[in-house]
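Structure record follows, encoded as structure tokens.
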Amino acid sequence: MWSLCDHAAALSTIVPTVVISERTQVAIVGAGPAGLLLGALLHRHGIDTVILEARTREYAEARIRAGVLEQGSVDVLREAGVGERMGREGLRHEGIYLSFDSTRHRIAVSDLTGGRSVMIYGQTEVVKDLIAARLVSGAPLRFECADASVDGFAGDEPVVRYTHDGADRELRCDFIAGCDGFHGVCRPSIPGGAIEVWSREYPFAWLGILADVAPSTDELIYAYSDAGFALHSMRSPTVSRLYIQVDPHERIEDWSDARIWEQLHQRLASDGFSLTEGPVTEKSITPMRSFVAAPMRHGALLLAGDAAHIVPPTGAKGLNLAVADVTMLAEALVGRLRAGSDAALDEYSDRCLGRVWRAQHFSWWMTTMLHTDPTDDGYGRQLQRSQLRYVTGSTAAATSLAENYVGLPLPQTALLAGVEVDG
Ligand code: FAD
Ligand code: DHB
């Protein structure tokens, strides 16, 4: 006799599953800053896109991450039509402090780079602005897309399969943009051997807090101390963002607010500086890693942002690299889909990787200069202090830090110049 299960199994072999099929020019997997910005740039140039995101809108908008935008990133966000609130609420900074041995030293970033600066504006706000603009544009943005998989990109039938609203769907397209972050599905779908990977783990992590208190400093403080690294950043004139170096195995439950503030006081201590405490509204621990996968293209699958590379956060480069990647990717896709030219697409990976490796080095260098290594026998700390004295005492060394901090200028693409690329 047949059981109910047997019956259902037999039926499923007879009744074909209904798959809702649609087509677009570029299927974008991931609605982080990379995917959303790519969608905005392509939309402005008349290219059809569908953005698929695994999480809810609320989750995507609440994820606290980066806070420093290079001037080039600010320019691209303006060009994408989402610069208005950033212009009003963002904080323009022209320098940073390096603190060590009880003294704060200012690096006059703008003076050393011909007037370039950075903007303090949270990644959460960038994402909120991009989502709002996308929804106004009416272009498709789907949250809670489960079980995404990518296929056919080595040939000429790229497709993204996923489930949404209880239905199986397939999205056929000309190109797939893998903007799904470090843990996404796109990079692992590239056949082994077609991609090379470099990575480094660090013996420390960052514990970050948001606090409802006016920043105790006018510009960011990167602090080196025997107790470990600390960073005083901010989100607005009334919200502070602070980080301390911790062991990667630490659990956030073991860090009371009082314990975190005690470490911040100790590590940020310097002559004339006093830290004001306030209610902590968010706290979390982030591991640190360097990672690069190359090339960033496999056929019609193009990787961008954290899907292709990760940096430790000390240089504030992760978000900025994602912005640079998708600026170049948008130009390449517009060139291909509107003007029929493969030139920029063929150069996409190499163009990105040049600045990716510069940011990899800078992030590694800032990280190793400012964090205390638990395995160090004391020699490393002498080198770190020597390097900090050099960077704060030599205009040449300070200029090198400043140039990297504000970021390489983005190549002057047609997109950035606001030029319509005619088909
Ligand atoms: P993400 O922001 O990771 O976005 C990827 C998106 O893809 C996510 O929304 C994800 O939900 C979605 N996704 C994943 N898998 C799928 C799937 N299968 N289907 C559909 N969607 C999928 N940088 C700094 O400069 N300073 C910092 O302080 C800093 N802090 C950070 C803290 C954390 C915890 C992390 C993880 C990163 C931090 N970074 C920081 C780095 C910076 O936030 C990233 O470089 C930036 O978010 C990269 O943007 P992205 O769009 O490439 O990737
Ligand atoms: C912030 C993060 C960084 O990685 C950094 O270098 C500076 C500031 C921030 O979250 O504000």
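Just follow the structure's listing: the first ligand is 1, and inside any ligand the first atom is 1.
At a heavy-atom cutoff of 4.0 Å, ligand 1 is contacted by no atom of N320, backbone or side chain. Residue contacts with ligand 1, taken as heavy atom pairs separated by less than 4.0 Å, involve D306 via backbone and side-chain atoms alike. Here K317 has backbone heavy atoms under 4.0 Å from ligand 1, and that is the only part of it that gets that close. At a heavy-atom cutoff of 4.0 Å, ligand 1 is contacted by no atom of S284, backbone or side chain.
Taking the six-membered ring for Trp and the full ring otherwise, the centers of Y97 and H232 sit at least 6.0 Å from each other.
The contact shell of ligand 2, taken as protein residues with any non-hydrogen atom closer than 4.0 angstrom, comprises R65, A66, G67, V68, W206, L220, Y222, L231, S233, R235, R241, Y243, P313, T314, A316.
Inside a 4.0 Å radius of atom 9 (O) of ligand 1 there is at least one protein heavy atom.
Once rounded to the nearest 0.5 Å, the distance linking CZ of F229 with CG of L268 reads 9.0 Å.
At the shortest separation from atom 43 (O) of ligand 1 among protein heavy atoms lies Q123 OE1, 2.8 Å.
Residues passing the side-chain hydrogen bond (donor to acceptor under 3.5 Å, both in side chains) test with E403, sequence neighbours excluded: none. Residues satisfying the side-chain hydrogen bond (donor to acceptor under 3.5 Å, both in side chains) criterion with E22, sequence neighbours excluded, are R142.
Residue pairs that meet the salt bridge (charged side-chain N to carboxylate O under 4.0 Å, His left out) test with at least one member in residues 225-238, sequence neighbours left out, are D226-R381, D226-R385.
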